[in-house]
Amino acid sequence: MPKITLPDGAVLSFDEPITVADVAASIGPRLAKATLGARVNGELRDAGATIAQDATVELVTARDKAGRSSADALYLIRHSCAHVMAEAIQRLFPGVQLVYGPPVDNGFYYDLAVPPERPLAAGDFSAIEQEMAAIIAADRPFTRYELPGAAGLTKLAQEGSKYKIDNAERAIAGGSQTLSWYATGAPGSGFEDLCQGPHVPSTGRIGAFKVMSIAASYWHGDAASDSLTRVYGTAWADKEQLDAHLRQLEEAKLRDHRVLGKQLHLFVLDDLVGPGLVLWPPHGAILRRELEEFIRAELTKQGYQQVYTPHIGKLDLYRTSGHFPYYQDSQYPPMILHEQLQALATEGASCAELANRLHSGAVEGYLLKPMNCPHHIRIYASQQRSYRDLPVRLAEFGTVYRWEQSGEINGMVRVRGFTQDDAHLFCREDQAAAEMRGCLKLVRHIFDTLGMADFRVRVGLRNPDSSKYVGVPEDWDRAEAVCREGAASLGRPFTEEPGEAAFYGPKIDFIVRDVIGREWQLGTIQVDYNLPERFDLGYIGADNQWHRPVMIHRAPFGAFERFVGVLIEHFSGSFPTWLAPEQVRVMPISEKTTEYGARVLERLAAMGARAQVDDSNNRIQAKVRAAAEARVPYMLVVGPRDEEAETVSVRARGIRSDLGAIPLAAFLGSLAEEIRTRGAVTVLGHHFPGAGAEA
RNA sequence: GCCGGCGUAGCUCAGUCGGUAGAGCAGGGCUUUCGUAAAGCUCAGGUCGCGGGUUCGAGUCCCAUCGCCGGCUCCA
């Protein structure tokens, strides 16, 4: 008869099979009331689940003593809330069919097949929420029942939902003997849904919820399949948690790089220029230039050679590399030569015919470059290479253009024209691992300098079932081994993801999240045996034989556009002094010290600092506020007292008070040091060691 | 590309039932000369994304188009 082991090691013995709820009740009535479910032998189960054998049981309650909710508690609440929302929507919109409704980060969604004559819209949310509130108030139990696979399928066939039949068939194919349903209330009396569970004991246990947004999805994620309506919601143990979550979303919105970028004039996206084409106004250009100079210094240290290449190249170049055929849909259309276009017109050739001839090479044209590697490869090939010359490391801040789908374009982080901090390393095979380490060192240096610790590492491998990859398996195996070893050498967790490789080789990617939680790939390092083959690259070895080099593609920032976008959010627009577009603002108290202010500005300019003077006739309060809103790291207030003593009164970003006056020369010296060391030494640390930035 | 939503002053937004387009901030001018997160007064600023349609009359209703937002799909 079951012996139950609790997390604290205590063992409870029972005479007969019991439920999770019984276990809770045997400990205490309050715990019984608070129990939503349990981990039984590590598996998340309903409170009503039966335990017949010895087991470890970890009860899941809505909240711990500190009022926090475990991931399991939130999972149960959200999964259950998805059912409640589906029931509410089906009550209000009878033709709606259920597809799939899982919990996700911060909430849940339900995919629905909605009749086209009455689409759901955000305007329906309040009605849906009211209906949900009524279902929750009724506090009906979630009741699980199971049917054998065949009987279950018959039941679903009668109900006629092809989506649920498909879900069931896939569950059976996945090895399930039975199918389970969850009824809200008594089975047969109302809403029920084919579902694995688990759920909270009853609808009343869903503490607080909100319907958030509506979006489209595809059935099975397949664009050729049915288009579904996905309704997103969030659910929490109580209203305080929900409110905290909503507040956090509001704050994230203010940190969004698109909002800050406009406010701080960091970049411009102009309708007339085109979607996804970034204009860099002066302040944004400063950010980019500082990053360029930062990395350029590292390139020199690591033995790179800088090159320049044009923005376009002949189609034949990209036929050879494979980019033109592989990625035709995501390139700007080719530029076709006048004579050829005229000849085609005279002939009355169709678009399809034109595409054919472009593909075959019968019609030549030029392409806006989608990648820098082919150009760099031709530089490598432009002279004879000996094994003594390798590695050859060619670097370029190379601008590329890709026709991203219109729905993908997003601020600075997904654009159609962008500049990579690109380089291609051509090396002997025995050098590849060392070159990989050099690249990783560079990536790490960048992330360390900028204080970006919150990134994940992904090793992108080929998917053996896919035909999208070029080259032979042996080369892939070796390249993948180099990537794995490189990632392992970082000393932090990484994931291996088949199917994430480039078509020509595996890669290591560095991925960060934006303020809304979306992931973006920044830096990337790719090992490539294939392009050297396609371009027939070689070098003369010590044995006087012709050998094939290995290529490493790498871009530690990825692209300046995306990196700056992510950086804006990372710093909430408050950039460290070396990056800040405006580093110092001089603020005379009144016109009496305008002239001294101008002198201070001159000194700042002479040392190369980016500074401005606010000589408006505003009061100092307004000047402080304006400078704070512009996220200027240092404000120098100068009044008659300062002029007399040749001092400046310092106020630093993030500190809501005057730090006091220091000699102008002393400030200039430490500011220069702060900029030179990229923040390793700071003005604050030097002159005001006690002052800490407030949140 | 797909589904849904949204485009009004430089920015953030209001605009009722279809009846002469509004606010705050920012900007210009004047007054104030001030010691650390908004001084006061005043002026200017608009083809309501663009194009059609319905109507006596359209910011408002309809169609189309461009752009943006959310998600899906894609991402060399």
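Letters A, B, ... mirror the listed sequences (proteins, then strands); counts begin at 1.
If you check every strand for non-hydrogen atoms under 4.0 Å, A:P275 touches sugar and phosphate atoms only. In this structure, A:G221 reaches the sugar-phosphate backbone alone: every heavy-atom distance under 4.0 Å involves primed, P, OP1 or OP2 atoms, never a base. Among the protein residues, A:Y109 comes within range of no part of the nucleic acid, since none of its heavy atoms lies under 4.0 Å from any strand. Residue contacts for A:S406: at a heavy-atom cut-off of 4.0 Å it reaches a base atom on one of the strands shown. Across all strands, A:K507 comes closer than 4.0 Å only to sugar-phosphate atoms, never to a base (heavy-atom distances). Looking at heavy-atom distances under 4.0 Å, A:I409 makes contact with sugar-phosphate atoms alone, never a base. Among the heavy atoms of the strands lying under 4.0 Å from A:R230 are primed sugar atoms or P, OP1, OP2 only; no base atom is included. A:S217 comes within 4.0 angstrom of sugar-phosphate atoms only, judged by non-hydrogen atoms across all strands, and of no base. Across all strands, A:R562 comes closer than 4.0 Å to no nucleic acid atom at all (heavy-atom distances). Note on A:Q526: only backbone sugar-phosphate atoms sit closer than 4.0 angstrom, heavy atoms only; bases stay farther off. At the heavy-atom level, A:D642 lies under 4.0 Å from base atoms of the strands shown. At the heavy-atom level, A:I516 lies under 4.0 Å from the strands shown only through sugar-phosphate atoms.
Side-chain contact check for A:D642 and A:S649: at least one donor-acceptor pair (N or O, by modelled atom type) lies under 3.5 Å. No donor-acceptor contact under 3.5 angstrom links the side chains of A:D514 and A:H257, judged on distance only. Judged by distance alone, the side chains of A:D226 and A:Y163 do bring a donor and an acceptor atom under 3.5 Å apart. Checked by atom type, the side-chain pair A:H220/A:D166 shows a donor-acceptor distance below 3.5 Å.
B:G27 and B:A38 have their C1' atoms separated by 16 Å, with the value rounded to a whole Å. Comparing the C1' positions of B:A26 and B:U12 gives an interatomic distance of 11 Å, to the nearest angstrom. Straight-line distance between the C1' atoms of B:G51 and B:G59: roughly 16 Å, to the nearest whole Å. A gap of 10 Å separates the P atoms of B:A9 and B:G46, to the nearest Å. Atom C1' of B:G29 sits at a distance of 15 Å from the matching atom of B:G45, rounded to the whole Å. Rounded to whole Å, the P atom of B:C48 lies 9 Å from the corresponding atom of B:U60.
Rounded to whole Å, the distance from NZ on A:K468 to C1' on B:C75 is 9 Å. Taking atom CG on A:D614 and atom P on B:U36, their separation rounds to 16 Å, with Å as the unit. In this structure, CD1 of A:I589 is placed 10 Å from C1' of B:U33, rounded to the nearest angstrom. Counting to the nearest Å, the C1' atom of B:C75 and the OH atom of A:Y469 are 12 Å from each other. Between the P atom of B:A76 and the CG atom of A:L522 lies a distance of 15 Å, rounded to the nearest Å. As a whole-Å value, the separation of A:R656 CZ from B:U36 C1' is 11 Å. Spacing between atom CD of A:Q405 and atom C1' of B:C69 amounts to 17 Å, rounded to whole angstrom units. Rounded to an integer number of Å, the gap from CE of A:M371 to C1' of B:C75 is 12 Å.
Both geometric conditions, a ring-centre gap below 5.5 Å and a plane tilt below 30°, are not fulfilled together for A:Y326 over the base of B:A76.
The base of B:A76 has none of its N or O atoms less than 3.5 Å from a complementary donor or acceptor on the side chain of A:S321. A donor and an acceptor atom sit less than 3.5 Å apart, one in the side chain of A:Y218 and one in the base of B:G1. Looking at A:S649, its side chain comes within 3.5 Å of the base of B:G35 through a donor and an acceptor atom. You'll find a donor-acceptor pair under 3.5 Å spanning the side chain of A:R414 and the base of B:C74, going by distance alone.
Residues satisfying the salt bridge (Lys or Arg N to Asp or Glu O under 4.0 Å) test with A:R456, not counting sequence neighbours, are A:E497, A:E519. Under the side chain to side chain donor-acceptor pair (under 3.5 Å) criterion, A:R78 pairs with no residue at all, not counting sequence neighbours. Residues satisfying the side chain to side chain donor-acceptor pair (under 3.5 Å) test with A:Y326, not counting sequence neighbours, are none.
A:F557 has its side chain out of reach of A:T419: every pair of non-hydrogen atoms, C-beta onward, lies at least 4.5 Å apart. By the 4.5 Å heavy-atom criterion applied to side chains, A:V231 and A:Y110 are not counted as neighbours. For the pair A:H311/A:Y401, a side-chain contact is recorded, criterion being any heavy-atom separation below 4.5 Å from C-beta on. Residues A:P549 and A:Y380 meet the side-chain proximity criterion, which asks for heavy atoms closer than 4.5 Å. Residues A:V457 and A:T495 have side chains not in contact (no heavy-atom distance under 4.5 Å, counting atoms from C-beta outward). Contact annotation: the side chain of A:P275 never approaches that of A:E404 to less than 4.5 Å [non-hydrogen atoms, C-beta and beyond].
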What N/O pairs connect the protein and nucleotides 39-41 of chain B at under 3.5 Å? Give each pair on its own line.
{"from": "B:A39", "atom 1": "O5'", "to": "A:R619", "atom 2": "NH2", "distance (Å)": "3.2"}
{"from": "B:A39", "atom 1": "O4'", "to": "A:R619", "atom 2": "NE", "distance (Å)": "3.3"}

Between the protein and nucleotides 4-12 of chain B, which nitrogen or oxygen pairs come in under 3.5 angstrom?
none

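One finds a side-chain N or O of A:R258 lying less than 4.0 angstrom from the OP1 or OP2 phosphate oxygen of B:C69. Between A:K623 and B:A38 there is no side-chain polar atom (N or O) within less than 4.0 angstrom of OP1 or OP2. Checking the phosphate oxygens (OP1, OP2) of B:A76, no side-chain nitrogen or oxygen of A:R554 falls inside 4.0 Å.
Positionally, the nearest nucleotide of RNA chain B for A:A628 lies more toward the 5' end than for the other of A:A628 and A:Q331. Taking for each of A:E500 and A:R641 the nucleotide of RNA chain B with the nearest heavy atom, the 5'-most of the two is the partner of A:R641.
A:D316 has a carboxylate O that lies under 4.0 Å from a charged side-chain N of A:R319, or vice versa, which qualifies the two as a salt bridge.
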Report task. Any chance you could lay out the side-chain contact (heavy atoms from CB on, under 4.5 Å) test for A:L368 and A:Q331, step after step, and finish with the verdict? Result -> CA-CA 8 Å; A:L368 268 172; A:Q331 288 157 359; over 6 Å; no
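In this structure, of B:G70, B:A76, B:A38, it is B:A38 that holds the atom nearest to the side chain of A:R625. Side-chain proximity of A:D658 to B:A76, B:G71, B:U36: nearest is B:U36.
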Query - Bracket string, RNA chain B, 5' to 3' - pairs by Watson-Crick or G-U geometry under 3.5 Å, | interstrand - result: (((((((..((((.....[..)))).(((((.......))))).....(.(((..]....))).))))))))....
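Proximity of a side-chain donor or acceptor of A:R534 to a complementary backbone N or O of A:G471 within less than 3.5 Å is not detected.
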